A.B. asks: 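Submitted below is the structure of interest, expressed as structure tokens.
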Amino acid sequence: MSDFKSLTAPLAPGATIGILGGGQLGRMLALAAARLGLKTHIYCHDKRAPAFQVADRHTCGEFDDFGAVKSFAKACDAVTFEFENVPAETVEQIAHICPVNPGAKALRFTQDRCAEKNFIKALGLKTAAFHAVTSDEEARSSFAKLGGRGVLKTERLGYDGKGQFKVASAAEAVAAIAAFRHAPAILEAFVDFDFEASIVAARGGDGSFASYDPPRNEHENHILRRSIVPGGLSRAQVAEAKDIARTIAEALDYVGVLAVELFVGKDGALLVNEIAPRVHNSGHWTIEACAVSQFEQHVRAVAGWPLGDTTRHADAVMQNILGEEASDWRSYAKRPGALHLYGKSEIRPGRKMGHFTALSPLTKPPSRP
Ligand code: AMP
């Protein structure tokens, strides 16, 4: 690990940040980098990747094509990623050539739900009760310990509710593990939460830390529908959410923006659901409501710049534009607010095609970053 490159000085304007992944998050990172005079080079397997349209350069390649990955890294001054399932080996290949942030440690813990939950627990933070499950017998015995209802999730490669089933009996737990073909899984207790929230935060290479106001997040069919700020958390809960993000970021030696998805219990407790080692859908409202958005903040962190001002200047509701809703772009364009369309070539059911942020005057002073 010691011969991995690290930044020795902040990147000057004109330098190139490489981004692994070319979806909407990569696209919004590239747009934010351009505003700071930094160039971007996107690496993605999809030749129609939305980020290609707005970046200085792109390479169309697979993550296991190490020849292409290395050539890409040689053309960059620093590299980051827009999604967490980049293979560890790809990141290592690049890290020998130029600095990669967030680093391998963040990926190791967030690519595996069991490792992630154990890591969170070891930090003294709360999560739903959980058990690792690989066999029918484990599914049965773990379900018996959970008391009533659970959610079975694949250990790896799950997002937006993919690779998970709600289960209400031992027989359903066994059927779910069979549907996963007995791939390693995690059985979590079902949390009867009051609402969901998230905290989007950033850590700089110098150990500095900044966070945004935590939004309340509403999901439909496991996909984020809208994020609302202020999120309705109490002052104490906001402070606790920020402490949770800081604790996690420090333990991961993290550099960049991360999001922590939270369940707010009916008793007011904050349970960590998931860590996203990247910019996050629930932080899109920061583009219009804060001086420095989550995207610019991430670029600043990976470029070795000082973190920016995260103060919120407006209340905001960010709504995702999903699937066919994007055909209605004319009516979104008429509404007061900010329309973002991601330039995806094809509409598919539930696909994130864009988002719309409506702003209104601050109803109460935001909590300090
Ligand atoms: P995840 O892929 O783990 O982020 O889960 C997607 C969504 O499923 C979450 O945002 C929740 O709405 C729901 N969910 C996941 N895990 C649980 C759980 N243990 N209890 C209740 N709801 C859950």
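All ligand and atom numbering here is 1-based and tracks the order in the structure. What you are looking at is a predicted structure, and each value in this text was computed from that prediction instead of being measured. Basis for what follows: all heavy atoms, side chains included, without hydrogens, waters or symmetry-related copies.
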A.B. asks: Is it the case that atom CZ in R35 sees more than 12 heavy atoms from other parts of the structure closer than 6.0 Å?
C.D. replies: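 Incorrect, the count does not exceed 12.
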
A.B. asks: For ligand 1, which atoms, with element, lie under 4.0 Å from some heavy atom of F193?
C.D. replies: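 Within the 4.0 Å cut-off of F193, ligand 1 contributes 21 (C), 22 (N).
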
A.B. asks: Kindly say whether the aromatic ring centers of H340 and F356 come within a distance under 6.0 Å.
C.D. replies: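 H340 vs F356: aromatic centres not under 6.0 Å.
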
A.B. asks: So does A251 get a backbone contact from the side chain of K105, meaning a donor-acceptor N/O pair under 3.5 Å?
C.D. replies: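 Yes, K105 side chain to A251 backbone: donor-acceptor pair under 3.5 Å.
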
A.B. asks: Under a 4.0 Å heavy-atom limit, does V151 contact ligand 1 with its side chain, its backbone, both, or neither?
C.D. replies: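 Looking at V151 and ligand 1, just side chain atoms fall under 4.0 Å.
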
A.B. asks: Is there a donor-acceptor contact under 3.5 Å linking the side chains of T80 and N101?
C.D. replies: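 No, no side-chain donor-acceptor contact under 3.5 Å.
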
A.B. asks: Can you list the ligand 1 atoms lying under 4.0 Å from a non-hydrogen atom of E261?
C.D. replies: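 Those of ligand 1 that fall under 4.0 Å from E261 are 4 (O).
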
A.B. asks: Determine whether the aromatic ring centres of F4 and H96 lie less than 6.0 Å apart.
C.D. replies: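 Ring centres of H96 and F4 closer than 6.0 Å.
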
A.B. asks: Pairs of nitrogen or oxygen atoms closer than 3.5 Å, one from A128 and one from ligand 1: do any exist?
C.D. replies: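 No, there is no polar N/O contact under 3.5 Å.
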
A.B. asks: Nearest non-hydrogen contact with atom 16 (N) of ligand 1 belongs to which option: R149, Q164, E116, K153?
C.D. replies: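 Comparing heavy atoms across R149, Q164, E116, K153, the nearest one to atom 16 (N) of ligand 1 lies in K153.
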
A.B. asks: Number the atoms of ligand 1 from 1 as they appear, then name those within less than 4.0 Å of a heavy atom of E188, with their elements.
C.D. replies: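 The list of qualifying atoms is 16 (N), 18 (C), 19 (N).
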
A.B. asks: Is there a donor-acceptor pair closer than 3.5 Å between any side-chain N or O of S142 and the backbone N or O of A139?
C.D. replies: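 Between the backbone of A139 and the side chain of S142 there is no qualifying donor-acceptor contact (under 3.5 Å).
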
A.B. asks: Numbering the atoms of ligand 1 from 1, which are under 4.0 Å from a heavy atom of E196?
C.D. replies: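 Listed by number with element: 9 (C), 10 (O), 11 (C), 12 (O).
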
A.B. asks: Please work out, at 4.0 Å between heavy atoms, whether the side chain, the backbone, both, or neither of N217 comes within that distance of ligand 1.
C.D. replies: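 Contact part for N217 vs ligand 1: neither.
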
A.B. asks: Where on K166 is there a heavy atom closer than 4.0 Å to ligand 1, on the side chain, on the backbone, on both, or on neither?
C.D. replies: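 It is neither part, as no heavy atom is under 4.0 Å.
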
A.B. asks: Are H131 and F143, when compared by the centres of their aromatic rings, separated by less than 6.0 Å?
C.D. replies: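 No, too far apart.
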
A.B. asks: Does G150 have a non-hydrogen atom less than 4.0 Å from ligand 1?
C.D. replies: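 Distance cut 4.0 Å: G150 fails for ligand 1.
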
A.B. asks: Should you measure from each heavy atom of H222, which atoms of ligand 1 turn up under 4.0 Å away?
C.D. replies: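 Those atoms are 7 (C), 8 (O).
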
A.B. asks: Considering non-hydrogen atoms only, spot the tightest contact between I199 and Y212 and give its length.
C.D. replies: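 In this case the closest contact between I199 and Y212 is CD1-O, 3.5 Å.
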
